[in-house]
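Right, one structure below, let's go through it.
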2 protein chains.
Amino acid sequence: MTTLSEVARLAGVTSATVSNVLRQRGKVGEQTRQRVLDAVAQLGYRPHLTARALAEGRAPTLALVVSSIANPFYPEFALAAERAARDHGRFLIVCNTNDDPDIGRAYLDQIAGTLSDGVLIMNANLPMDELRKTEQRGAPVVLCMWEKPDAPPELPCIAVDFHEAGAIAARHLLGLGHQCFAALVGSKKSGIHAERYRGFASACAQAGHKHPLQRTRYINDTVEAGYRATMELLKEHPQVTAIFASNDLPALGAMNAIADLGLNVPRDISVTGITDIQWARVSRPALTTVAVPTEEAARMSIDLLLALIERRSPSPVMRVTATPQLVERASTAAPRKRKG
Amino acid sequence: MTTLSEVARLAGVTSATVSNVLRQRGKVGEQTRQRVLDAVAQLGYRPHLTARALAEGRAPTLALVVSSIANPFYPEFALAAERAARDHGRFLIVCNTNDDPDIGRAYLDQIAGTLSDGVLIMNANLPMDELRKTEQRGAPVVLCMWEKPDAPPELPCIAVDFHEAGAIAARHLLGLGHQCFAALVGSKKSGIHAERYRGFASACAQAGHKHPLQRTRYINDTVEAGYRATMELLKEHPQVTAIFASNDLPALGAMNAIADLGLNVPRDISVTGITDIQWARVSRPALTTVAVPTEEAARMSIDLLLALIERRSPSPVMRVTATPQLVERASTAAPRKRKG
DNA sequence: CTGAAAGCGCTAACAA
DNA sequence: TTGTTAGCGCTTTCAG
């Protein structure tokens, strides 16, 4: 590793001057500047980011805490976030908690403020006061996908109107003429997907339909869980003509279950998801879903986090992304008359 | 941020002692140890990882360079790698190059050796000499998925026998009675998937079949490219009964194309992939593929990288993972007689 | 416009 | 067993 002072020696100046040249501080004569630049090139000098961070009192990394980067939604988010971070000269450390609060806590304790300047939290199953604690210790925190614009948390966040997303799905199904729904809600009743279901239910109610409470299943956010729940649901309620899933993974599972039951999507049963992950486009039939502005949310999250770090923004802020949009593909159609 | 010396002051000792206590160096009296520990707890002290890194002359982070974390294969790898890194007290910075060598180079120049102690390279389209350069600058590099155990590169690597993977797919198809193949090879002729195709072709040759060269397409590693290539291929060569794809994504695209042509997988045409990504299990029909030991490769990559960093291993080493395994699902079956 | 010097928070000899 | 003292490589006042 060539160091600043080696460059300085070669250029016949002091390291402070080299530093000034490199940081474009101006206040350096053109000739010295050139000499320094030559020395830098000749030695192949690269600034030592760790040393710089210590001296500046700020780290060049940001942490992204997710439950599992292997969940198909996160990579798209992470890609955009990393891109945005890089555009601002920052690097991204990914932290998988596997939904274990202890792991999340350990990550925060270790790196927040000591290795990373700030933290992005993506549904990582961490208690709010834990987050507030790390914020108070000086490392800004932003919640990347807050689901309820109506009830902002006491932490900075990027909110997506998932209530509306649910409602959009419902209105789409209603518009097609469906009347008998089943709902698959990812994660437990009070959990992160509850708002999507509420949006769905209230749009149904508005259209004069009673809530399909007895045809609702609270399940894990996986293909398998969607599959199993659909199997049960359709056995108990064969009159169902449309399935609302609060996320794409269970929706995909539902489609597989329906196929295995010898039924056809969308002829016999329509299925909708929320998010629009990559698989949604690839599956057969392609999944009709409500797309969430993932990239925008990622960029906004990074922007907000940086603003917080640089104290350009007051701490409790919420920024809302564009509204989710229906992506109509092949898994939904008008219900067909069936023997009842 | 509470610092070491604040803790020291409260405990009535010097910061060196606190450091010793925290690093379990022994050589500290039991009472002082307790006093120090109390002070640490009382102040909520957390070591400043950046400062520690600078003092120790080693960084706690490792860099994972991939072309895009959004490619469905990488997240599974990244998850396992991050897990392994964490088990060794290391953090993982993900770097997406978007297959742009300039971005990759920029990453290496910036963080290798200055922020990260070592680098994991995952098909990132970086020239070998670039990598050798960063290695020579003192930051070990490991290639995470070298495709040819026969021809080790001059850099440390974890090799997977993709030649055999291709052969396994071929033998499976051959065993089913197929004779007329088409092949979809991800990336250009000389590219990363060439070895898989060679394995496939040589297994065919061994079974007395001539290479299906005129029925081979070199395409991008995407669902869409697989779809388009299959459409063309089947129009030109309707007699094909099986498609070998060098990766799962094109295989999935092939299945969709076949369906859109009004044909059935596997009744009319069988399809095989390589890797066994998550989608392979979810697609309908579920994809028969040759599973690659992703987690093992990730763990081995981390282990090797750490060994290199700690100079426990000579630099040009290659370690080979377990052999890929056939995962027989629903996309392959015996060919059926068709009018010729 | 350039240099000298202090210090970021921690570790690691070496002394005491 | 504990303290003293140098740094790690860089940035940043503050003088010159």
Side-chain angles (χ1 to χ4, degrees), chain A residues 1-37 39-40 43-61 89 110-117 137-139, chain B residues 1-37 39-40 43-61 89 110-117 137-139:
Chain A
M1 277 287 316
T2 35
T3 70
L4 251 202
S5 56
E6 299 182 55
V7 175
R9 191 167 343 122
L10 180 60
V13 294
T14 187
S15 58
T17 303
V18 180
S19 178
N20 278 330
V21 171
L22 262 24
R23 328 214 68 230
Q24 328 247 38
R25 279 274 181 286
K27 55 167 124 180
V28 177
E30 185 49 29
Q31 324 180 38
T32 4
R33 213 180 75 87
Q34 266 314 325
R35 253 185 308 139
V36 168
L37 257 20
V40 164
L43 262 32
Y45 169 80
R46 301 174 304 141
H48 193 290
L49 265 29
T50 301
R52 176 176 284 180
L54 184 59
E56 283 184 323
R58 56 167 231 153
T61 69
Q110 288 186 86
I111 73 184
T114 80
L115 184 62
S116 286
D117 258 9
R137 292 199 288 220
Chain B
M1 277 288 314
T2 37
T3 71
L4 252 202
S5 56
E6 300 183 55
V7 175
R9 193 170 339 123
L10 179 59
V13 295
T14 188
S15 58
T17 303
V18 179
S19 179
N20 279 330
V21 170
L22 261 25
R23 327 212 69 231
Q24 330 247 40
R25 278 273 180 290
K27 54 167 128 183
V28 176
E30 184 50 29
Q31 323 180 37
T32 5
R33 215 180 73 87
Q34 266 316 327
R35 253 185 308 137
V36 168
L37 257 21
V40 164
L43 262 32
Y45 169 81
R46 300 175 304 141
H48 193 290
L49 265 28
T50 301
R52 176 177 284 180
L54 185 59
E56 283 184 324
R58 57 168 233 153
T61 69
Q110 290 185 87
I111 73 183
T114 80
L115 185 60
S116 286
D117 259 8
R137 290 200 288 220

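The figures that follow rest on heavy atoms only: side chains count, while hydrogens, waters and symmetry mates do not. Letters go in sequence order (proteins before strands), and every chain restarts at 1.
- Between dT11(D) and S19(A), a contact under 4.0 Å exists linking OP1 or OP2 to a side-chain N or O.
- Out of dT2(D), dG3(D), dC10(C), the shortest distance to the side chain of V28(B) is found at dT2(D).
- In terms of phosphate contacts, R52(B) brings a side-chain nitrogen or oxygen within less than 4.0 Å of OP1 or OP2 of dT11(C).
- Contact annotation: T32(A) reaches the phosphate of dT2(C) (side-chain N/O to OP1 or OP2, under 4.0 Å).
- Heavy atoms of T14(A) sit under 4.0 angstrom from at least one base atom.
- Comparing atom distances between the L54(B) side chain and each of dG9(C), dG7(C), dT11(C) picks out dG9(C) as nearest.
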Yes or no on side-chain contact (heavy atoms from CB on, under 4.5 Å) for R23(B) and R52(B), after CA distance, side-chain angles and deciding distance? CA-CA 11 Å; R23(B) 327 212 69 231; R52(B) 176 177 284 180; 4.1 Å; yes
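- Summary of helix geometry: the two end axes of the helix from dC1(C)-dG16(D) to dA16(C)-dT1(D), each defined by five base pairs via their C1' atoms, are inclined to each other by 40° (rounded to 10°).
- The interatomic distance linking L49(A) (CG) with dC8(C) (C1') rounds to 15 Å, in whole Å.
- The closest donor-acceptor contact from the side chain of R46(A) to the backbone of A112(B) lies under 3.5 Å.
- Distances shorter than 4.0 Å separate some side-chain N or O of T17(B) from OP1 or OP2 on dG3(D).
- Proximity of R23(B) to the phosphate of dA12(C): a side-chain N or O atom is located under 4.0 Å from OP1 or OP2.
- Within the 3.5 Å criterion, the main-chain N or O of A59(B) finds a donor-acceptor partner in the side chain of D117(B).
- Ranking dC10(C), dG3(D), dC10(D) by closeness to the A16(B) side chain, first place goes to dG3(D).
- Nearest-nucleotide mapping onto DNA chain D: of E30(B) and A51(B), the residue sitting toward the 5' end is E30(B).
- Look at CD on Q110(A): it is 15 Å from P on dC10(C), rounded to the nearest Å.
- A distance-only check finds no donor-acceptor pair linking the side chain of R33(B) to the backbone of V28(B) [under 3.5 Å].
- Residue contacts shown for G29(A) are limited to sugar-phosphate atoms, with no base heavy atom under 4.0 Å away.
- Put simply, CG on L4(B) is 19 Å from P on dC8(D), counting in whole angstrom units.
- Looking at T61(A), its side chain does come within 3.5 Å of a backbone N or O of L115(A) through a donor-acceptor pair.
- Between E6(B) and R9(B) there is no salt bridge, since none of the side-chain N atoms of the basic residue sits less than 4.0 Å from a carboxylate O of the acidic one.
- Atom CZ of R46(B) is separated from atom C1' of dC10(C) by 15 Å (rounded to the nearest Å).
- In this structure, Q31(A) places its CD atom where only 12 or fewer heavy-atom neighbours from other residues, nucleotides or ligands lie under 6.0 Å away.
- Regarding contacts with the backbone of dC8(C), every side-chain N or O of R58(A) stays at 4.0 angstrom or more from both OP1 and OP2.
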